[in-house]
Amino acid sequence: MKLPILPSSIVLVVVAVCIGLADWQWRRAHQKQQRLDDIQIMQDKGVLDWQNINLLPSGLNKTGLQLTMKGKLQPGQYWLLDNRTLNGQHGYDLLAVFTPEGSEQGLLVNFGWITQGGGRDFLPSIQLPSETFSISVQLKQGDLAGFYLDGAEYTGSGWPKLVQFIDLSQKAEQTGIELVNYMAYAVNSNNFAQPHYEPVVMPPEKHFAYALQWLLIALSAIAVFLFAMRSQSKNKKIISEVK
């Protein structure tokens with residue numbers, strides 16, 4: 001049976017694209033699983049304190065480590081990370097520099113989500129605690145900025161500052177406090193924001209499901225094409241017999 005060039009080419013492209021997407025989702029699933037495994041290894045170390053963290057090798061990626069510490073915030077100095085949604089509501093993530101007791105370095109902490117409130121023209125006013133308090137956090141190190149557009153680094157003058165991405169060097173310059181090369185996400189509730197950090201937003205199982213879905217679409221395209229060709233061949237045979 002001679003296959004028609006145009007339909008065959010279209011099916012070939014569809015199958016190739018679907019297999020490519022299936023392979024990409026499969027690799028993403030393995031990457032997510034590896035990340036979760038790495039985080040679990042770190043969490044198995046237990047809840048550390050600031051002194052324990054500073055004793056770890058400087059080259060160790062601290063993503064996933066959990067710690068509890070006491071310290072202070074700089075009153076009135078905080079950033080609002082834009083375009084954060086929680087349960088379908090628009091808002092910001094509240095970022096502030098936490099200085100642990102006995103430390104000359106600060107730690108940038110994402111305390112969680114706050115509502116947008118009165119709109120983008122009026123930034124929420126947050127009363128940060130001025131006294132020493134304790135927090136429990138999970139660390140993240142590596143690519144903190146993620147995707148952003150050119151010009152998004154502009155934050156304006158005064159406090160609070162609206163930001164589109166996380167830049168530790170920028171935060172250190174704006175506060176005059178030396179920051180460690182990783183940040184933290186609050187895991188316990190507080191009075192001024194709602195913690196919601198998830199180290200992996202889409203679990204590996206969902207990527208595996210998407211990979212299977214794309215593979216099934218590729219197989220379906222092949223099956224439909226072969227069925228159509230077979231039906232066409234039978235129709236031509238019947239017509240030729242009638243003639």
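Y210 and V14 end up in different hydrophobic clusters when Ile, Leu, Val, Met, Phe, Trp and Tyr side chains are linked at under 4.5 Å. Hydrophobic clustering of Ile, Leu, Val, Met, Phe, Trp and Tyr side chains at less than 4.5 Å, counting indirect connections, unites L128 with F111. When the side chains of ILVMFWY residues are joined at heavy-atom separations under 4.5 Å, either directly or via intervening members, I166 and V163 end up in a single hydrophobic cluster. Hydrophobic clustering, with ILVMFWY side chains joined whenever heavy atoms are under 4.5 angstrom apart, groups L139 together with L73. Residues F225 and I222 share a hydrophobic cluster, clusters being chains of Ile/Leu/Val/Met/Phe/Trp/Tyr side chains in contact below 4.5 Å.
Other residues, nucleotides and ligands contribute only 12 or fewer heavy atoms inside 6.0 Å of the CH2 atom of W214. Annotation for Q213: atom CD counts as buried by contact number, over 12 foreign heavy atoms lying within 6.0 Å.
Using a 30° and 60° split on the angle between ring planes, Y185 and Y197 fall in the parallel class, below 30°.
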List the steps, then state whether side-chain contact (heavy atoms from CB on, under 4.5 Å) holds for V187 with Q138.
CA-CA 7 Å; V187 296; Q138 180 169 312; 4.1 Å; yes
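Taking both residues in full, the closest heavy atoms of I177 and G106 are given as CG2-N, 3.9 Å, listed atom of the first, atom of the second, then distance. Closest of all the heavy-atom pairs between L94 and Y78 is CD1-CD1, 3.3 Å. Taking each heavy atom of V15 and A218 in turn, the nearest pair found is CG2-O, 3.8 Å. In terms of heavy atoms, E101 sits closest to Q51 at O-NE2, 4.3 Å. Counting all heavy atoms, side chain and backbone alike, S136 lies closest to T68 at OG-OG1, 3.1 Å. Residues F165 and L81 approach most closely at N-CD1, 3.7 Å, considering heavy atoms.
Although no hydrogens or angles enter the test, the distance criterion places a donor-acceptor pair under 3.5 Å between the side chain of W113 and the main chain of R84.
With respect to R27 and D23, a salt bridge is recorded, a charged nitrogen being found less than 4.0 Å from a carboxylate O.
Ring pair H30/F208: centre-to-centre distance below 6.0 Å.
Considering CH2 of W26 and NE2 of H207, their distance stands at 13.0 Å, rounded to 0.5 Å.
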